[in-house]
Amino acid sequence: YEHNVVFRMIRLVNLLSRNFQVVYEKDINLVVVDFRILMLIAAHPGISGSELARLSGHNQMTISSALRRLERAGRVRRETSQQDRRRAEIYLTAQGVALYNDLEPRGREMGARLRRSLTAAERRSLRRILGKLTAVIEAVELADRPAGRITGGTTIRPGGRKNNTF
């Protein structure tokens, strides 16, 4: 699997998350998903839960759980939209803003460290490739939505050996 591109992308995300988990989960009771949601709310005040799901790539259940944790901790608040009473708008509280202001520079520094490891051409290529792969996965998810499943890219060959199609 170590040569499979999807496996390597997941490993990269896990490595990025691991440092966060060690430092923040115990110290400030904030899990990685909550951190990502907090960052998106800071960037998009008044965002809805469904918009958070779309932007983060998490399912609605994960978003709902994260929002409940963040609300219980006093980090976010939900308000009914004035334009559409069915829509809840999500905002950071003063405590959420303070936490964001503490964590965001650290995330920005990690991003800068990663950017510095690539040339400008590599960064452009990476953005293009990630955009392309994201579009493919989103299209697959939309096509499979009525069935409620996302198809994978691995098939099993006779004899139980896996054939990674990517």
Side-chain angles (χ1 to χ4, degrees), residues 1-25 28 30-67 69-70 75-76 89-90 92 96 99-166:
Y1 264 113
E2 51 277 353
H3 300 294
N4 177 289
V5 173
V6 174
F7 177 84
R8 293 180 75 184
M9 288 190 299
I10 291 168
R11 182 172 185 270
L12 176 60
V13 170
N14 290 342
L15 288 171
L16 287 168
S17 299
R18 186 169 53 196
N19 184 51
F20 180 91
Q21 291 168 336
V22 168
V23 174
Y24 299 110
E25 280 188 20
I28 58 176
L30 187 72
V31 295
V32 175
V33 170
D34 297 2
F35 168 74
R36 292 175 185 150
I37 300 307
L38 193 77
M39 296 295 123
L40 284 170
I41 296 168
H44 304 280
I47 193 169
S48 71
S50 59
E51 291 166 332
L52 281 170
R54 183 183 62 77
L55 288 175
S56 69
H58 291 294
N59 64 40
Q60 194 64 48
M61 188 182 312
T62 300
I63 297 299
S64 294
S65 296
L67 288 174
R69 284 189 302 273
L70 290 166
R75 295 169 174 161
V76 302
E89 296 175 340
I90 305 160
L92 296 181
L99 183 58
Y100 169 82
N101 287 337
D102 180 48
L103 297 178
E104 192 277 335
R106 300 174 199 194
R108 192 173 354 109
E109 174 52 36
M110 177 56 77
R113 189 177 305 163
L114 292 171
R115 279 190 301 281
R116 286 190 303 267
S117 73
L118 301 171
T119 66
E122 288 170 330
R123 288 191 302 270
R124 283 190 302 275
S125 292
L126 180 60
R127 279 192 298 273
R128 183 183 55 76
I129 291 166
L130 289 174
K132 194 175 199 176
L133 294 175
T134 299
V136 168
I137 295 299
E138 287 173 341
V140 167
E141 185 178 59
L142 285 174
D144 288 348
R145 190 162 283 157
R149 300 181 3 214
I150 297 176
T151 59
T154 302
T155 57
I156 305 296
R157 287 189 217 160
R161 289 192 49 200
K162 293 182 179 182
N163 177 25
N164 295 312
T165 57
F166 187 69

With rounding to the nearest 0.5 Å, note down the distance linking [atom1] in [X] to [atom2] in [Y].
X	Y	atom1	atom2	answer
Ile37	Leu92	CD1	CG	11.5 Å
Arg11	Leu16	CZ	CG	11.0 Å
Leu15	Arg8	CG	CZ	11.5 Å
Ile28	Leu99	CD1	CG	4.5 Å

Subject >> Heavy-atom closest contact (Val33 atom, Ala66 atom, distance) >> reply: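 The pair with the smallest heavy-atom distance is CG1-CB, 4.0 Å.
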Please set out all donor-acceptor pairs under 3.5 angstrom arising from side-chain atoms of residues 40-49, sequence neighbours excluded.
unit_1: Ser48; atom_1: OG; unit_2: Ser50; atom_2: OG; d: 3.2
unit_1: Ser48; atom_1: OG; unit_2: Glu51; atom_2: N; d: 3.1
unit_1: Ser48; atom_1: OG; unit_2: Glu51; atom_2: OE1; d: 3.2

Name each donor-acceptor pair under 3.5 Å that joins a side chain in residues 111-123 to protein atoms two or more places apart or in another chain, with its distance.
unit_1: Arg115; atom_1: NH1; unit_2: Gly111; atom_2: O; d: 3.4
unit_1: Arg116; atom_1: NH2; unit_2: Glu109; atom_2: OE2; d: 3.2
unit_1: Ser117; atom_1: OG; unit_2: Leu114; atom_2: O; d: 2.6
unit_1: Thr119; atom_1: OG1; unit_2: Glu122; atom_2: N; d: 3.0
unit_1: Thr119; atom_1: OG1; unit_2: Glu122; atom_2: OE1; d: 3.4
unit_1: Glu122; atom_1: OE1; unit_2: Thr119; atom_2: N; d: 2.7
unit_1: Arg123; atom_1: NH1; unit_2: Arg115; atom_2: O; d: 3.1
unit_1: Arg123; atom_1: NH1; unit_2: Leu118; atom_2: O; d: 2.7

Original post:
How far apart are the C-alpha atoms of His58 and Ser65, what are their side-chain angles, what is the distance that settles it, and do they pass the side-chain contact (heavy atoms from CB on, under 4.5 Å) test?
Top reply: CA-CA 11 Å; His58 291 294; Ser65 296; over 6 Å; no
Going by side chain to side chain donor-acceptor pair (under 3.5 Å), name the residues that satisfy it together with [X], two or more places apart in sequence or in a different chain.
X	answer
Asn59	Thr62
Ser56	none
Ser64	none

**OP:** Among residues two or more places apart or on two chains, list those pairs meeting salt bridge (charged side-chain N to carboxylate O under 4.0 Å, His left out) that have a residue in residues 54-64.
**Re:**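 Qualifying pairs, neighbours excluded: none.
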**OP:** Kindly write out the residues that satisfy side-chain contact (heavy atoms from CB on, under 4.5 Å) with Asp102, not counting sequence neighbours, or none if the list is empty.
**Re:**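 Here the qualifying residues are Arg106.
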Subject >> Residues in side-chain contact (heavy atoms from CB on, under 4.5 Å) contact with Ile129, at least two apart in sequence or another chain >> reply: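 Expected list: Leu133.
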Subject >> side-chain contact (heavy atoms from CB on, under 4.5 Å) between Leu30 and Leu70, intermediate numbers included >> reply: CA-CA 8 Å; Leu30 187 72; Leu70 290 166; 3.9 Å; yes
Original post:
Taking only residues two or more places apart in sequence, or in another chain, which ones meet Tyr100 in a ring-ring contact (aromatic ring centres under 6.0 Å, His included)?
Top reply: none
Subject >> Partners passing salt bridge (charged side-chain N to carboxylate O under 4.0 Å, His left out) against Arg69 (at least two apart in sequence or in another chain) >> reply: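 Partners of Arg69 under the salt bridge (charged side-chain N to carboxylate O under 4.0 Å, His left out) test: Asp34.
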**OP:** Please step through side-chain contact (heavy atoms from CB on, under 4.5 Å) for the pair Leu52 and Leu67, ending with a clear verdict.
**Re:** CA-CA 10 Å; Leu52 281 170; Leu67 288 174; 4.1 Å; yes
Subject >> side-chain hydrogen bond (donor to acceptor under 3.5 Å, both in side chains): pairs with one or both residues in residues 124-137, sequence neighbours excluded >> reply: none
